[in-house]
Amino acid sequence: MTMRTNNCRFCESDIVEAVNFGKMPIANAFLKKEEIKNETFFELATCYCPQCFLFQLIEQPNPESLFHENYAFFANTSNYMQKHFSELSNKLIENFDLKKNDLTIEIGNNDGGMVKYLKDKGFNHLGIDPSKNVSDAAKSKGVNILNNFFNFELSKKIKNLYGKAKIILSANTLAHIPDINSVFQGIENLLEDDGIYITEDPYQVDLFNKTSYDQIYDEHVFIFSLNSMNNICKKYNFEIFDVEHLETAGGSMRYYICKIGKRKISSNVNKYFDLEKKINFLQNSTYIDFKNKCEQSKNNFVNLLEKLSKNNIIASYGATSKSTTIFNYCQIDTKLIKYITDTTSTKINKFSPGMHIPIYDYKFFNDNLPDYCFLGAWNHSDEIFKKEKNNFSVNGKWITHVPEARVI
Ligand code: DWN
């Protein structure tokens, strides 16, 4: 089941279609052989709202088909992301004078998230995630968990059980929830008067500048800009008092949000409004240009792989959601990429969605080093290069598709 819309999911205005990537499987539905015949597809097409700027998907599979008891992605697989969340927990304690009894809620904390680090330091916290297996993993680390979808209804129950929150965080989560109005109603309901909501998600400016179209897949129903986030906040009497550009997820923005008038607005906010004026997210030509760049990226990438695969074995590093978009949009199968390697047990010995490239564990990769390796997890390239310094990098060559297809 999918949900299609002809109107903006936030403000209900008529939308304008942007890039269409065609038929797409569920990005994180890595398949056992016997599951291939029942695989489901939807149309991965994007649009923008000329009223509120929100860049979004036209069609999205039901959230229950994306987030469930067998969710494939465990955030813990990246050391970099662990460091990122540990540092964020310290920042919240230091910069916002967080006290041990203050409640911090993380929406979509996966297998631990930032609240895991607050828990380690003895702080009051609550993690919420709809996928049971990752929630169980967080619970096994001692994190207080509610295994559910966050929305306004759930916020009422949370308020009754735990009271209001001083800080609410969502990292790579807000972009995943189609009923954004219900999320903001829930946050409005749960946040203390002087509380803050922090959200970090892939940033539309990076998506367009890097042509990193692989950030577009079923889970990412929205890709935010400062402009669209600001319009959402205004409706709920919130304002963005600071922003921080991050390298995570291939280029993200962290938005610091409070009730209007509660905090001094940082000059960073205007800096990014100025930057976004130059891009003009309300001009149709911006989206036509992005569409052309996606097509060019696809052609260049396929040409490069076809040339290299004549005499070489090419593998892919990281069975990511992002590479589901790339491989299906570019129609890349085992003729070009022989296998994918990944360290996550929920993905190993399965097949990639749509193009059915086999996924092998790291030992297989180590024992069968390819000639070339595509960085499916290009957002983790620093961590991967460090790990492979004395291994794959000695004999093989890396391939990337961002910002353009090339051998590194
Ligand atoms: O928003 C989302 C982001 C944050 O995470 C979700 N919608 C789903 C997921 O997206 P993704 O699958 O594109 O995420 P990553 O973090 O790029 O996935 C990295 C993959 O690579 C994981 O499966 C783990 C794997 N990996 C590996 O095999 N060896 C990663 C590293 C760093 C490694 O050394």
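Read the numbers this way: they start at 1 and go in the same order the structure lists the ligands and their atoms. In this chain, numbering begins with 1 at the start of the sequence shown.
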Q) For atom 26 (N) of ligand 1, which candidate among D361, I359, N379, T343 holds the nearest heavy atom? A) T343

Q: Taking salt bridge (charged side-chain N to carboxylate O under 4.0 Å, His left out) as the test, write out the residues that go with D14, two or more places apart.
A: none

Q.
One residue to check: D342. Relative to ligand 1, which of side chain, backbone, both or neither has a non-hydrogen atom less than 4.0 Å away?
A. both

Q: Considering only non-hydrogen protein atoms, determine which one is nearest to atom 10 (O) of ligand 1 and report residue, atom name and distance to 0.1 Å.
A: S321 OG, 3.1 Å

Q | K322, portion touching ligand 1 at heavy-atom distance under 4.0 Å | A | both

Q. Only one of Y48, Y203, F208 forms a ring pair (Phe, Tyr, Trp, His ring centres under 6.0 Å) with F55, so which one is it?
A. F208

**Q.** Location of contacts on N79 toward ligand 1, heavy atoms closer than 4.0 Å
**A.** neither

**Q.** Residue part near ligand 1, for H220, under 4.0 Å between non-hydrogen atoms
**A.** side chain

Q) Which atoms from ligand 1 have a heavy atom of H176 less than 4.0 Å away? A) 1 (O), 2 (C), 6 (C), 7 (N)

Q.
Between S182 (side chain only) and N151 (backbone N and O only), is there a donor and an acceptor less than 3.5 Å apart?
A. no

Q.
With salt bridge (Lys or Arg N to Asp or Glu O under 4.0 Å) as the rule and sequence neighbours excluded, what pairs involving residues 333-362 come up?
A. D333-K335

(Q) Under 4.0 Å, heavy-atom basis, I'd like to know which part of Y80 is in contact with ligand 1: side chain, backbone, both or neither. (A) neither

Q: Using a strict cut-off of 4.0 Å, indicate which atoms of ligand 1 neighbour a heavy atom of Y217.
A: 1 (O), 2 (C), 6 (C), 7 (N), 8 (C), 10 (O)

Q: Return the residue, atom name and 0.1 Å-rounded distance of the protein heavy atom closest to atom 33 (C) of ligand 1.
A: K387 NZ, 3.7 Å

